[in-house]
Structures are given as C-alpha cells and as structure tokens.
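To keep things clear, I will list the structure first and then write my remarks on it.
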Amino acid sequence: MTFTTMFTTMVPGMLRTCAIFFLTLLFALPLGMVVMLLRRSKNTVVSTITKGFIAIMRGTPLMLQLLVWYFAPYYLFHLSISGYRFPAILIGFSLNYAAYFAEIYRAGIEAIPTGQYEAAQVLGYSKAQTFFRIILPQVIKTILPAVTNEVITLVKDTSLAFALAYAEVFSIAKQISSSQTSFTPFLIAGVFYFVANYIVAYVMERLEEAFKYYD
C-alpha cells in the first residue's frame, strides 16, 4: 500500500475525529457553564451533587467513562446498543469535558474582584448587564489559556474513541499499520494531530490578542 493510498484511506477517520472534536466543544462548553452555576448554587443539595459529578468525571479515566456510557444501557436495562456507538462517544466526551470547563469557568468568575460588581451596581447596571458587559469579557480573557490547554487535550483525547471500536483516525492508523506492517500510518496520524493542535493554538492565540483590550 502506497503512502497516497494510506492517506486516502485515513481521510474518513480524520473527518470522524474532527466530528468528535467539534461536537464535543459544541455541547461541553455551554454544559460546563450550567455545571458551574449548579456548583455555585446556594442550595447545598444541588451543590453537593454537582461537586460529586465533577469529582467522578475528573477522577476516573475518560476511556472507562466511554465504556460505561456505551455498555451501561445493555448491562443495566438489556437495551440494544446497535447504532449507539457514536452517541455514547459524544455523551462521554461532552460530560467529561463539561466538568473540566465548569471548574475553569468557576476559577475565572471567582478571580473577578467584588469591587467590579459593586461599581456596576453604583452605575445602575442590572445583574444581567453587569454579567454580560463587565464580568463575562474579563472572565473570558482570564480563562482563555486554561481553555486552550483543554481544547488541545481534547484533540489528542479523540483517539480514545478507539476503545469503542470507532473508526477515527487513530483506529484506522492502527489497523493499516497491523495489516501492512508499516509505521507510516502512525506518522500520518501524528502529523494530523500536530496540525490540528497548531490550528487550535493559533486560533486561541488570536482570541487572546482580541481580549487584550481588557488589560
């Protein structure tokens, strides 16, 4: 098998990896905000349950979580899991990363001095105006480096989908490498991950520069 053939065979896997990446961000970023708000709730029960959720998501391997989400419906409720592989992957990734994003959001909000809220109140801003016009831009600027690290980690973590026999780029590279006794597929996969992370780092760096207005 030539290099071109290997690369062409791996392209569908690259697209599936991109799908996992973008859909996870689509769900995990807003879900992380919800989890953060529940984590900061004044209701002790809600706050405690949310803390437990975050502890489990951050304290157990993502691969294990993927296996649980995929096989749990069958083992617990004897439901068919045919066609459930990709949804299970999205659920596992989204909930795991939502927990991490929630803690990043919380750290960003708690880093804002109380005086910012008091000044906004004196100026007559409502709570919503205070949050969206004053607090949120500063929070985004503060958390961007941490969010960038998580997003870069997500690019690499997409390879864990191979645990559910999902044909993303790493799984296909492994299959081709075994059948062809070649190291080339791993090099192609490595370049793909590197380029993807380079693009992520570039985009996030541009965002950080855009928010320097709030320095």
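Just the heavy atoms: all of them, side chains too, but no hydrogens, waters or symmetry mates, feed the values below.
Although no hydrogens or angles enter the test, the distance criterion places no donor-acceptor pair under 3.5 Å between the side chain of R40 and the main chain of R106. Y105 contributes a side-chain N or O that, together with a main-chain N or O of L29, makes up a donor-acceptor pair within less than 3.5 Å. With hydrogens and angles disregarded, no donor-acceptor distance shorter than 3.5 Å links the side chain of T50 to the backbone of V35. A donor-acceptor pair under 3.5 Å is formed between the side chain of S179 and the backbone N or O of I176. Under the 3.5 Å distance criterion, the side-chain polar atoms of E168 are matched with a main-chain donor or acceptor of S171. Not a single donor-acceptor pair under 3.5 Å links the side chain of Y97 to the backbone N or O of F27. S47 contributes a side-chain N or O that, together with a main-chain N or O of R39, makes up a donor-acceptor pair within less than 3.5 Å.
Rounding to the nearest 0.5 angstrom, the gap separating the CG atom in N96 from the OG1 atom in T60 is 7.5 Å. Rounding to the nearest 0.5 Å places CE of M6 at 10.0 Å from CG of L187. Separating the CG atom in L160 from the CG atom in L64 is a distance of 11.5 Å, to the nearest 0.5 Å. Here the CD-CD1 distance, from E103 to I54, works out to 4.5 Å after rounding to the nearest 0.5 Å. The distance from atom CZ of F192 to atom CZ of F170, rounded to the nearest 0.5 Å, is 13.5 Å. The CG atom of L66 sits 4.5 Å away from the CG atom of L62 when rounded to the nearest 0.5 Å.
Between P185 and S177, the closest heavy-atom pair is CG-N, 3.8 Å. The nearest pair of heavy atoms linking M10 to A189 is CE-N, 3.8 Å. For the residue pair V200 and V155, the shortest heavy atom distance occurs at CG2-CG2, 4.1 Å. For Y70 against I81, the heavy-atom pair with the smallest separation is O-CG2, 3.4 Å.
Counting heavy-atom neighbours within 6.0 Å of F186 CZ, excluding the residue itself, gives a total above 12. When the shell of 6.0 Å around OH of Y84 is examined, it contains more than 12 heavy atoms from other residues, nucleotides or ligands. Atom OH of Y193 sits in a crowded spot, with more than 12 heavy atoms from other residues, nucleotides or ligands closer than 6.0 Å.
Side-chain contact check for S182 versus F3: every heavy-atom pair is 4.5 Å or farther apart. Put simply, the side chain of L26 reaches to within 4.5 Å of the side chain of L23, judged on heavy atoms. Counting heavy atoms from C-beta outward, W69 and L164 have side chains that stay 4.5 Å or more apart. In this structure the side chain of F101 reaches within 4.5 angstrom of the side chain of L25, judged on heavy atoms. Side-chain contact check for L144 versus M204: some heavy-atom pair is nearer than 4.5 Å. Counting only heavy atoms from C-beta outward, the side chains of L31 and L95 approach each other to under 4.5 Å.
Side-chain polar atoms of T153 and E150 form no donor-acceptor pair below 3.5 angstrom.
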Practice task
List the steps and the verdict of side-chain contact (heavy atoms from CB on, under 4.5 Å) for I20 and F86.
Solution key: CA-CA 9 Å; I20 295 173; F86 188 65; 3.9 Å; yes

